[in-house]
Amino acid sequence: MAMAAARRALLSHLRVPVLARPAAAAGSVPAARLLSSATEEGSKGSFLDKGEVADRIVSVVKNFQKVEPSKVSTVADAHRTADSDLGVLGLCSVTPNAHFQKDLGLDSLDTVEIVMAFEEEFGFEIPDNEAEKIDSIKTAVDFVASHPQAK
């Protein structure tokens with residue numbers, strides 16, 4: 001009982017009286033609204049454009065030293081090949097739908113290295129559990145474009 005009385009006495013001295021809040025002044029904005037609008041504005045525009053991400057990822061893959069040069073041909077190269085005496089159209093394997101192992105011939109270690117190159121390109125760390133899921137250009141684009149820290 002003595003403890004409860006001491007507690008009440010202590011709390012009565014520590015309490016800060018709350019005055020009735022006057023009606024909102026003209027032009028004032030509630031703090032909750034300020035916080036929510038600041039958060040919304042901070043999150044808007046923080047994601048990169050998916051097209052830009054795709055272009056940058058394709059560029060990283062094309063410049064990756066373990067991708068065979070024959071798989072890095074451009075559309076202009078393909079047209080030149082079609083116009084040549086060979087008559088064979090050279091197809092570009094580095095496309096937005098290219099799979100790292102199936103289409104580009106990269107092994108699992110190469111895939112880890114290319115994911116690290118994506119981390120360097122976009123300025124953020126990809127967690128190991130997410131990096132394991134990135135096995136194609138499309139999955140890389142989807143992940144990076146949906147990540148708020150990508151630059």
>> Pair T111, S108 - check side-chain hydrogen bond (donor to acceptor under 3.5 Å, both in side chains), show working.
In response: CA-CA 5 Å; T111 301; S108 58; over 6 Å; no

> So if you build clusters from Ile, Leu, Val, Met, Phe, Trp, Tyr with side-chain heavy-atom gaps below 4.5 Å, do F64 and V115 land together?
Replying inline: yes

> Looking at side-chain heavy atoms only, is the closest gap between F124 and H147 below 4.5 Å?
Replying inline: yes

> Do the side chain of E119 and the main chain of E125 share a donor and acceptor less than 3.5 angstrom apart?
Replying inline: no

> Is the shortest distance from a Lys or Arg side-chain nitrogen in D135 or K102 to a carboxylate oxygen in the other one below 4.0 Å?
Replying inline: no

> Which of parallel (below 30°), tilted (30 to 60°) and perpendicular (above 60°) describes F100 and F118?
Replying inline: tilted

>> Checking the side chain of D103 only, and the main-chain atoms of H99 only, is there a donor and an acceptor separated by less than 3.5 Å?
In response: yes

> Got a second to check how far I57's CD1 is from K138's NZ, nearest 0.5 Å?
Replying inline: 11.5 Å

> Does some side-chain heavy atom of E130 sit less than 4.5 Å from a side-chain heavy atom of F143?
Replying inline: yes

>> Between L48 and I137, is there shared hydrophobic-cluster membership here, with clusters defined by ILVMFWY side-chain heavy atoms closer than 4.5 Å?
In response: yes

> Are the side chain of S59 and the backbone N or O of D55 linked by a donor-acceptor pair below 3.5 Å?
Replying inline: no

> What heavy-atom pair brings A131 and I126 nearest, and what distance separates the two atoms?
Replying inline: N-CG2, 3.7 Å

>> Would you compute the distance between atom CD1 of I114 and atom NZ of K66 and round it to the nearest 0.5 angstrom?
In response: 10.5 Å

> Yes or no on side chain to side chain contact (heavy atoms under 4.5 Å, CB included) for V141 and K50, after CA distance, side-chain angles and deciding distance?
Replying inline: CA-CA 7 Å; V141 169; K50 206 167 189 174; 3.8 Å; yes

> Under 6.0 Å from the CG atom of D128, do we count more than 12 heavy atoms belonging to anything else shown?
Replying inline: no

> Are M116 and V61 grouped together when hydrophobic residues (ILVMFWY) are joined by side-chain heavy atoms under 4.5 angstrom apart?
Replying inline: no

